Amino acid sequence: MKLKSTLAISLLLIFSTFSSLETFSQGLSLERVTKIKNSTVRITIENDGHQGSGFFVSSIGTIATCWHVIEPSIIRDSNTKAIIGFKKIFATTNTGEKIEIGIAAKIFQDTAFLNNSIANDFCILYPILRLKKSAPFLFIGNFDTVNDGDDIYACGYPKELLYPFISKGIVSTKFLDTTNSIIQNGHKIKKNRNLAYLDLTLNGGNSGGPIIKIGVDANHDEVIGIADFIINPMGRNSQDLVDLLKQRSGGIFLGGVDPNLLFSTIIDVLDNTSTGISGCVSINYFSEVYSKL
C-alpha cells in the first residue's frame, strides 16, 4: 500500500512538472510573440523626434495609443491655443510597412470624448487610406478582470529601436489615481483614473503599447491596459529639471564641456529608463469611447 502511494505521488509530481513546463512554454510561444509583434506599431510624427507605440484593435487598421504620444502632432495658435492644424502621423509595422494615420475626427467633435481622451491618456487612430490587406489585431479585454499577480506582456518600440521589444512581468498593484486632472476653460478639473503598477520593463518610446493579460493560448490573450509611464530614479519632476538645465546651458564650459547640458542629458537618460517599475492606464476608458465612435 505504501509503495502504491509513493508511486502515485511520484507520478503526480512528474505530471505537475510537465504541466508547469507546458504552461511556461505557452507563455513564451512563438505563435504568441509573433501575433503581439505583428499587432504592435511604432508611431512617429513628421518633423518631430518623438517616438511612441500603438497597437491594432481591428482588421481595418484602427490603432490605440496614448494621447501624449500623438499630442505633438497637434498645431495650436500661439495666442489662443486653438487647434489650427495637424502634422502627419505615421505607424510603422513589424514588417516595415509605413502607414499614414489620423486622429478620429469625432474625438474633436465631442467635448466629453476629447476630455476623456486627454484625462485618461488614450487616443484612437485610423488609417488615412484603406489598407491593402487586413491588419493583425489584439482583442480588447477588461481592466477589471486582471488581478495583482497576474502574468502580463508588454510590447513596444523603445527610443531609437526600429524593431518591437517584448517584456513579460506581472501586475503589481492596481489603484485609483486621485491626483490626475486636466485644464478645462482655464480651470483645473479633477479626473480620477484607474492605473496599475507593473513589475515589467518599459522604456521611453513604449508609451501607447499594449499591456496584455495572458490567456490559455494566443487567441485568448486580451489587452487590459495601455503602457503609460515609468518610475525613474530621479522622480516625477525630472523632466522639469532637464528643461531648466537646458535653458541655462551655453553659459559656462569646463574643459570644453557644458555641465548644464551634460547633466540634463544624464537626467534625460535616467528619465527614460525603467528601474523595474512601470505603469499602465485601464483599457476601459479607451473601450468606452471606441464603442461609441
Side-chain angles (χ1 to χ4, degrees), residues 22-43 52-59 61-66 69 91 93-95 120-125 134-158 161 163-175 193-203 205-230 274 276-291:
E22 183 180 2
T23 300
F24 184 74
S25 65
Q26 286 179 347
L28 298 175
S29 69
L30 179 60
E31 177 190 13
R32 172 169 277 135
V33 169
T34 299
K35 180 178 180 181
I36 294 173
K37 285 184 177 180
N38 288 342
S39 301
T40 305
V41 298
R42 179 167 59 94
I43 295 180
S53 303
F55 53 98
F56 290 121
V57 295
S58 77
S59 60
T62 310
I63 293 173
T65 188
C66 283
V69 169
T93 68
N94 184 37
T95 60
N120 297 304
D121 203 13
F122 71 84
C123 190
I124 303 169
L125 305 166
S134 297
F137 63 93
L138 299 173
F139 297 107
I140 299 300
N142 187 334
F143 185 76
D144 297 333
T145 65
V146 70
N147 299 306
D148 294 356
D150 282 351
D151 288 336
I152 51 171
Y153 277 115
C155 186
Y157 291 80
L161 294 188
Y163 301 100
F165 176 81
I166 288 184
S167 56
K168 182 182 179 183
I170 63 169
V171 174
S172 177
T173 306
K174 294 173 64 180
F175 65 99
R193 60 178 181 174
N194 288 303
L195 303 178
Y197 289 140
L198 312 173
D199 180 13
L200 175 142
T201 300
L202 293 179
N203 292 289
N206 273 109
S207 290
I211 303 298
I212 305 163
K213 179 183 178 181
I214 303 303
V216 294
D217 56 44
N219 292 323
H220 290 83
D221 291 347
E222 295 181 334
V223 179
I224 54 84
I226 301 177
D228 192 64
F229 62 90
I230 59 177
S274 173
I277 304 176
S278 51
C280 71
V281 64
S282 167
I283 194 65
N284 295 7
Y285 301 116
F286 170 87
S287 301
E288 180 184 357
V289 171
Y290 183 45
S291 65

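The figures here come from the full heavy-atom set of this structure, side chains too, leaving out hydrogens, waters and symmetry mates. Since this is a predicted model, take the numbers as computed values, not measurements. When a residue number appears, it is its place in the shown sequence, counting from 1.
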What are the two closest heavy atoms between [X] and [Y], and how far apart are they?
X	Y	result
Thr95	Thr93	OG1-OG1, 2.9 Å
Cys280	Gly225	SG-CA, 4.2 Å
Ala154	Leu200	CB-CD2, 3.5 Å
Asp148	Thr173	OD1-CA, 3.6 Å
Cys155	Ile36	CB-CG2, 3.4 Å
Ile211	Ala227	CG1-N, 3.7 Å

Determine whether a donor-acceptor pair (N or O, by modelled atom type, separation under 3.5 Å) exists between the side chain of [X] and the backbone of [Y].
X	Y	value
Ser53	Tyr157	yes
Lys174	Val146	yes
Asn203	Asn206	no
Ser39	Phe56	no
Asn284	Asn142	no
Arg42	Pro164	no
Ser207	Phe229	no
Ser282	Phe143	no
Lys213	Thr145	yes

The salt bridge (charged side-chain N to carboxylate O under 4.0 Å, His left out) partners of Asp228 (sequence neighbours excluded) come to Arg193
Separation between CD1 (Ile140) and CD1 (Ile283), nearest 0.5 Å, reads 4.5 Å
Taken in chain and number order and not counting sequence neighbours, the residues that satisfy side-chain hydrogen bond (donor to acceptor under 3.5 Å, both in side chains) with Tyr285 are Asn194
Ring pair (Phe, Tyr, Trp, His ring centres under 6.0 Å) filter on Phe137, not counting sequence neighbours, yields Phe139
